[in-house]
Amino acid sequence: MLRKRLGVNIDHVATLRQARRGATPEPAAAAAIAELSGADGITVHLREDRRHIQDGDLTALRNIVTTRINLEMAATEEMTRIACELKPRSATLVPEKREEITTEGGLDVLGQREALIATVARLKTAGILVSMFIDPDLAQVRASRQVAADAVELHTGTYCEAFRTGKYGEELARIRVAAFYGGSLGLKVFAGHGLDVRNIVPVLAIEGIEEFNIGHSIIARAIFLGLPAAVKEIADLIHLGGGRSFPSTRDGTRSVPLE
Ligand code: PXP
């Protein structure tokens, strides 16, 4: 069976630092701790507006990360140039809007195939594995294959919203079908957005999803539990394939799936 990986997104460590425009907490230090606590990779999103991760963080991460760096980026000229210089293990192309709080939906690969073919080719020529952050939609999976991406990261945001209501079967099925279709086209399949120690459990049962990129819930729990414990609990869960469940919490989310 495929060993599933955890990529820890440390953007929110930078968000806290940027709240004071200071030097701490350092994303690179968080990356080292995350690795020591079971992370298989470190994910960062260098946004056009530099609201959290800064260019200097990428240099620091390149020097400290011993696992793999996944750079989330908009498919712009500036970001493509930065990625080709940094040479992360992988680049995930994401849609980006200045006014959004977080990445709200998947990339419309189908609607911009021509432009993406060139960006994907440049990144792959630099030796970078290219992933498309898309909604679990079959047309977008197919388009990702057509632009010669290596992987798709399925946006789990809608599923996570549905999980809160207890009626998430349909959204989970969309992810399962998209994952299967991606695998059948020879794409690697990853998933991310909104995942936490509870809602990830049903997703872990889907064969073929090999990597999960998780940020907000880990950093949020780190405030109470500490970063090593927050990374370890979800890393263990992923590495054990969801074989542990978590008690229900006061926020109303349940450990026992309703469907
Ligand atoms: N994957 C991608 C492509 C993202 O853009 C994000 C959010 O930055 C994540 C995963 C992580 O989402 P979250 O912070 O909700 O865990």
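Along the sequence shown, residues are numbered consecutively beginning with 1. Start at 1 and go down the list; that is how both ligands and their atoms are numbered.
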Going by atom types alone, do T76 and E48 pair a side-chain donor with an acceptor below 3.5 Å?
-> no

May I ask you to check whether T92 and E72 show a side-chain donor-acceptor distance below 3.5 Å?
->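 Side-chain D/A pair, T92 to E72: absent.
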
Between the side chain of S37 and the main-chain N/O of V231, is any donor-acceptor distance below 3.5 Å?
-> no

Ring pair (Phe, Tyr, Trp, His ring centres under 6.0 Å) pairs, two or more places apart, involving residues 25-58 | none

Check ligand 1 for close polar pairs with the protein: N or O on both sides, less than 3.5 Å.
| residue | atom | partner | partner atom | Å |
| --- | --- | --- | --- | --- |
| ligand 1 | 1 (N) | E72 | OE2 | 3.3 |
| ligand 1 | 1 (N) | E153 | OE2 | 2.5 |
| ligand 1 | 5 (O) | E72 | OE1 | 3.1 |
| ligand 1 | 5 (O) | T103 | OG1 | 3.3 |
| ligand 1 | 8 (O) | E72 | OE1 | 3.4 |
| ligand 1 | 14 (O) | H216 | N | 2.9 |
| ligand 1 | 15 (O) | G194 | N | 2.8 |
| ligand 1 | 16 (O) | G215 | N | 2.8 |
| ligand 1 | 16 (O) | H216 | N | 3.4 |

For residues V189 and E211, determine if any side-chain heavy atom of one lies less than 4.5 Å from a side-chain heavy atom of the other.
->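 In short, these two side chains do not touch, never coming nearer than 4.5 Å.
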
In a check of side-chain contact (heavy atoms from CB on, under 4.5 Å) between F212 and each of I234, L237, I238, which one passes?
->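 Only one of I234, L237, I238 forms a side-chain contact (heavy atoms from CB on, under 4.5 Å) with F212, namely I238.
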
